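See structure below.
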Amino acid sequence: MGLESRQSAAIEEAGRLANERYAACGVDVEAAMTTLATVPVSLHCWQGDDVQGFESTGDAIGGGLAVTGSYPGRARTPEELKSDLQKALSLIPGRHRLNLHACYGEFGGKKVDRNEIEPEHFAGWVDWARDQKLGLDFNPTCFAHPKAADGFTLAHADKAIRDFWIEHCTRCRQIGAGFGEALGTPCVTNVWVPDGFKDTPADRMGARARLAESLDEVFAEPLPREHLLDAVESKLFGIGAESCTVGSHEFYLGYAITRETLLCLDAGHFHPTETISDKISSALLYLPEILLHVSRGVRWDSDHVVTLNDDLLAITREIVATGDISRVHIGLDFFDASINRVAAWVIGTRNLLKGVLLGLLEPPAIRAAEAGGDTTARLALQEEAKSLPFGSVWDQYCLRLGVPVGSDWLEVVRGYERDVTSKR
Ligand code: RNT
Ligand code: ZN
């Protein structure tokens, strides 16, 4: 037996023992792995190039966003970004999605302003996604543009500027619906605008009323839900917009419920002790579906790579605990330019999937203890569940889905770095 097959046999044997251990806790590991394989994660294209896009206008990112780090090898062209994504996806178990921003169109060196984008600028992405068997999601890009430089877009006091961004977002919905139709899976198109005040506003209501009115124009055209799912994303603050964000959580919660859009909850967009895990069940009582931007804020909305920490585990177990994972569209939203960018995708996405798997492996006795009023047992079982042999199930899952087990994937990324990204 060669080294590799000996290792595979050991992983399978450890998996068999782990499955028995879980079975004794009432958990069906096979069923958990089967379910996990149906959960798509939408990988955000913008981790690959530090949120730069392909417009080559040189406009600063703005919008209250910041990317730090100067690790070599960022993708500079659609070809490079596609190749990096393929490498990352080959190291992540399961079938997933790609989340594109409008500024990642293939403009062929031509200046195409945001109010001029057309489906044709994304045809190459659709062909590639079809080839790679990926669904596509989409986002208008309402930042990194002279008409967003003063921090306002859809809520701008100037009607001409509002109209410009309304046109951009309207086109984005049409492009998104085209993705959904072409690929046979609805495209979640998420509107996030940076609009906010650096210092204490005198008229919050006016700005919010303008935002609502602009959004109503954007969403006016009915497009089939089997092609397009509209989402709106709230935020607490951004750099340079510390005092008031027009599209706050309350604003969008009300908007999503009344206009029947998805609500996007970004893990970095709330007060530091507030968690999105606790919001999922509330949102799903009033909305059929929601979108998550899973991120990791360190001291602020810093968009660090997602790690397998308590926050993530609380989010993923809630997604499972609601009883219908398909109502929660899982997207990632982080951008770290200080480490290998392909590795960042792989680390964050594998962690997200590990979290969902842990949620699926939760012993049912925990819920039963709570239902029976035994909160002592609930706590005892929650804590004991933490040392169940989860790692052996995850290894087994990776082995079965044909992706590297453990940290073996890092060697593959290193090889790609040596041969490809370090030469950019
Ligand atoms: C910004 C929002 C938004 C962006 C992306 C690039 O704070 O989180 O989702 O990160 O659109
Ligand atoms: Zn986000």
Side-chain angles (χ1 to χ4, degrees), residues 41-55 59-68 74-75 81 97-105 114 136-145 148 151-155 165 168-169 172 176 187-196 211 230-242 244-249 251-252 256 261-271 276 279 290-306 311-312 315 328-337 341 344-345 348 352:
V41 177
S42 196
L43 270 78
H44 52 316
C45 71
W46 52 93
Q47 166 59 60
D49 75 332
D50 316 338
V51 208
Q52 302 244 333
F54 302 126
E55 296 168 317
D59 288 310
I61 178 168
L65 307 172
V67 186
T68 56
R74 78 167 188 90
L81 190 56
R97 307 177 61 87
L98 174 68
N99 194 9
L100 275 179
H101 239 283
C103 61
Y104 288 77
R114 301 270 171 86
L136 284 179
D137 297 311
F138 201 44
N139 306 260
T141 310
C142 301
F143 53 85
H145 189 279
F152 286 87
T153 62
L154 291 178
W165 291 110
H168 174 61
C169 294
C172 285
C187 170
V188 179
T189 299
N190 177 51
V191 176
W192 170 74
V193 295
D195 301 35
L211 178 56
D230 291 304
V232 288
E233 180 179 6
S234 69
K235 192 166 177 174
L236 179 64
F237 81 96
I239 298 172
E242 289 84 359
C244 169
T245 291
V246 182
S248 61
H249 178 53
F251 175 93
Y252 278 123
T261 70
L262 276 67
L263 178 72
C264 173
L265 298 170
D266 182 310
H269 289 191
F270 294 87
H271 288 280
I276 63 165
K279 300 181 189 299
I290 60 171
L291 168 66
L292 300 185
H293 271 188
V294 185
S295 190
R296 178 169 58 105
V298 178
R299 304 196 186 282
W300 71 291
D301 181 25
S302 59
D303 291 295
H304 277 66
V305 177
V306 166
D311 269 357
L312 176 67
I315 293 168
V328 183
H329 299 262
I330 307 171
L332 297 169
D333 187 6
F334 50 77
F335 27 98
D336 189 339
R341 295 168 184 80
W345 269 318
L352 194 289

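FYI, side chains are in, hydrogens and waters are out, and symmetry mates aren't considered; it's all heavy atoms of this structure. In this text the structure is predicted, and so the values were computed from the model without any measurement. If you read the sequence from its start, that first residue is 1, and numbering goes on from there. Every number for a ligand or one of its atoms is a count from 1 in the order of the listing.
- Tally of protein N, O or S atoms closer to the Zn ion (ligand 2) than 2.8 Å: 4.
- Under the side chain to side chain contact (heavy atoms under 4.5 Å, CB included) criterion, Ala144 pairs with Arg114, sequence neighbours left out.
- If you look at ligand 1, the protein residues with a non-hydrogen atom under 4.0 Å away are Trp46, Leu65, His101, Trp192, Glu233, Lys235, Asp266, His269, His293, Asp301, Asp333, Phe335.
- Residue Cys45 forms a side chain to side chain contact (heavy atoms under 4.5 Å, CB included) with just one option from Leu100, Asn139, Asn99, and that option is Leu100.
- In this structure, the side chain to side chain contact (heavy atoms under 4.5 Å, CB included) partners of Phe270, at least two apart in sequence or on a different chain, are Ser234, His249, Leu265, Glu274, Ile276, Lys279.
- Looking at Asp49, its side chain does come within 3.5 Å of a backbone N or O of Gly53 through a donor-acceptor pair.
- The aromatic rings of His101 and Tyr104 lie tilted to each other, with the angle between the two planes from 30° to 60°.
- Asp333 and Ser295 form no side-chain donor-acceptor contact under 3.5 Å, judged by distance and modelled atom types alone.
- If you run side chain to side chain contact (heavy atoms under 4.5 Å, CB included) between Phe335 and each of Asp50, Thr68, Val51, only Val51 comes through.
- When only modelled atom types and interatomic distance are considered, Thr153 and Asp195 share a side-chain donor-acceptor pair under 3.5 Å.
- Counting only distance, with no hydrogens or angles, the side chain of Asp336 and the backbone of His304 share no donor-acceptor pair below 3.5 Å.
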